[in-house]
Amino acid sequence: MNLALFDLDHTLIPIDSDHEWGEFLARTGAIDAAAFRKANDEWYAHYQAGTLDPVKYLEFAFGTLSKFPRKQLDDWHVQFMEEVIKPAMVPAAVAVVQKHLDAGDTVAIITATNSFVTEPIAKLFKVHHLIAALPELDAEGNITGRLLGTPTYAEGKVTHTEAWLKTLGKTIADYEQSHFYSDSQNDIPLLSRVTHPVATNPNDKLKAHAIAKGWPILNLFDAQ
């Protein structure tokens with residue numbers, strides 16, 4: 001059995017699910033559109049540049065979610081999946097995940113985006129293991145606005161992957177082949193830990209790094 005890890009945003013889907021969730025809330029009128037979009041766009045620019053403070057960003061994201069009861073959030077998320085995520089799905093991305101599932105590999109999605117936004121998306125890809133930023137919940141299941149643990153970002157993806165594998169009684173080294181698919185230079189720490197790093201729809205910084213290292217480059221969205 002081999003290991004296959006996937007980033008999500010711009011790797012398996014050609015959008016940033018966290019940013020699009022914010023845009024969705026703005027369109028529905030749930031939040032002040034102008035103020036939120038300004039902040040949302042600034043955080044996204046920091047992510048793209050590799051200058052994001054992940055804790056502060058997650059506090060911003062969870063703070064927005066904490067304003068609404070969980071049932072309302074869940075109802076909106078069903079609508080979000082239908083209007084935004086499903087239309088963005090690309091057959092080639094579904095196929096590369098399915099290839100690893102069919103091979104019997106241990107498959108996980110590891111994303112800096114929070115689990116509330118991403119868990120239904122992972123299920124859509126038939127991936128049962130999701131490693132994502134976790135919101136603190138109150139006794140009724142409502143999001144409090146606080147982050148549980150540490151972000152699943154940059155070096156944090158290595159830490160969280162190792163912790164998850166430990167629950168399975170494994171380490172990365174236990175797998176003859178370990179794959180990680182990602183689009184971003186933020187994921188170089190984890191890409192460097194696996195036997196088969198794949199720069200997937202890479203941004204310019206990761207593409208340059210991949211070429212220098214001789215890593216394969218996979219473009220899943222060219223034929224969409």
Side-chain angles (χ1 to χ4, degrees), residues 6-89 108-125 127-154 156-157 159-160 163-164 183-184 186-187:
F6 294 88
D7 177 52
L8 179 61
D9 300 319
H10 297 293
T11 297
L12 290 179
I13 53 176
I15 57 175
D16 184 283
S17 58
D18 215 1
H19 187 267
E20 291 300 321
W21 168 253
E23 287 293 303
F24 170 81
L25 289 180
R27 287 196 302 274
T28 64
I31 54 178
D32 182 293
F36 184 85
R37 280 184 172 135
K38 181 177 183 296
N40 204 28
D41 289 345
E42 287 174 355
W43 287 116
Y44 184 49
H46 279 297
Y47 175 79
Q48 289 181 309
T51 58
L52 181 71
D53 182 323
V55 174
K56 288 184 178 178
Y57 171 70
L58 287 164
E59 289 173 347
F60 163 76
F62 290 150
T64 301
L65 294 174
S66 71
K67 296 175 183 178
F68 306 100
R70 184 57 184 262
K71 186 180 186 309
Q72 178 66 79
L73 289 174
D74 289 341
D75 288 345
W76 277 333
H77 203 297
V78 171
Q79 183 182 350
F80 173 68
M81 292 292 291
E82 292 298 324
E83 294 181 3
V84 179
I85 298 301
K86 288 183 180 179
M89 296 278 284
I109 289 174
I110 178 163
T111 174
T113 301
N114 69 77
S115 61
F116 169 77
V117 170
T118 57
E119 186 173 3
I121 305 173
K123 289 179 179 177
L124 204 57
F125 278 96
V127 175
H128 301 297
H129 298 293
L130 172 68
I131 306 168
L134 296 175
E136 181 185 72
L137 305 177
D138 66 17
E140 286 74 44
N142 295 306
I143 293 171
T144 68
R146 289 184 288 273
L147 168 68
L148 282 181
T150 58
T152 46
Y153 178 77
K157 284 196 176 182
T159 303
H160 278 273
W164 164 65
D183 70 290
S184 173
N186 296 318
D187 286 337

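Formation of a donor-acceptor pair under 3.5 Å by the D16 side chain with backbone atoms of D9 is not found in this model. Within the 3.5 Å criterion, the main-chain N or O of D183 finds a donor-acceptor partner in the side chain of T11. A side-chain donor-acceptor contact under 3.5 Å links T152 to the backbone of A133. A donor-acceptor pair under 3.5 Å is absent between the side-chain atoms of K157 and the main chain of D187, judged by distance alone.
I121 has its side chain within reach of M81: a pair of non-hydrogen atoms, C-beta onward, lies under 4.5 Å apart. A 4.5 Å side-chain heavy-atom check between V84 and R27 finds at least one atom pair inside the cut-off. Put simply, the side chain of N142 does not reach to within 4.5 Å of the side chain of S66, judged on heavy atoms. With a 4.5 Å cut-off on side-chain heavy atoms, F6 and V127 do not count as touching. Side-chain contact check for L130 versus F125: every heavy-atom pair is 4.5 Å or farther apart.
L8 pairs with exactly one of D18, I110, V117, T118 by the side-chain contact (heavy atoms from CB on, under 4.5 Å) rule, that one being T118.
Separation of atoms NZ (K71) and CD (E140) is listed at 15.5 Å; rounding is to 0.5 Å. The NZ atom of K38 sits 4.0 Å away from the CD atom of E42 when rounded to the nearest 0.5 Å. Between the CG atom of N114 and the CZ atom of F62 there is a distance of 4.5 Å, given to the nearest 0.5 Å. Atoms CD and CG, on E136 and L147 in that order, are 9.5 Å from each other to the nearest 0.5 Å. The distance from atom CE of M89 to atom NZ of K86, rounded to the nearest 0.5 Å, is 9.0 Å. Rounded to the nearest 0.5 Å, atoms NE2 (H160) and OG1 (T111) are 11.5 Å apart.
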For this session: Run the numbers on R70 and L65 for side chain to side chain contact (heavy atoms under 4.5 Å, CB included), then give the verdict.
Result: CA-CA 9 Å; R70 184 57 184 262; L65 294 174; over 6 Å; no

Problem set entry | From CA spacing to verdict: side chain to side chain contact (heavy atoms under 4.5 Å, CB included), T144, L137 | CA-CA 6 Å; T144 68; L137 305 177; 5.7 Å; no

Evaluation steps, side chain to side chain contact (heavy atoms under 4.5 Å, CB included), between L25 and K67 | CA-CA 12 Å; L25 289 180; K67 296 175 183 178; over 6 Å; no

Next item on the list: Apply the test side chain to side chain contact (heavy atoms under 4.5 Å, CB included) to residues I31 and F68: give CA-CA distance (whole Å), side-chain angles for both, the deciding distance (0.1 Å), then the verdict.
Entry: CA-CA 10 Å; I31 54 178; F68 306 100; 4.0 Å; yes

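Residues F80 and W21 place their aromatic rings such that the two centres sit under 6.0 Å apart. Annotation: Y44 is not in aromatic contact with Y57 [ring centroid separation under 6.0 Å not met].
For D7 and S184, the side-chain atoms include no donor-acceptor pair closer than 3.5 Å.
Classification of the F36-F60 ring pair by plane angle, with boundaries at 30° and 60°, yields parallel.
Taking each heavy atom of P135 and S115 in turn, the nearest pair found is CD-OG, 3.3 Å. Residue D41 comes nearest to E23 through the heavy atom pair OD1-OE2, 4.4 Å, listed as atom of the first residue, atom of the second, then distance. Closest approach of A112 and L58 over heavy atoms only: O-CD2, 4.2 Å. The two residues W43 and D53 come nearest to each other via the heavy atoms CZ3-O, 4.1 Å.
Within a 6.0 Å sphere centred on NE2 of H129, heavy atoms belonging to other residues, nucleotides or ligands number more than 12.
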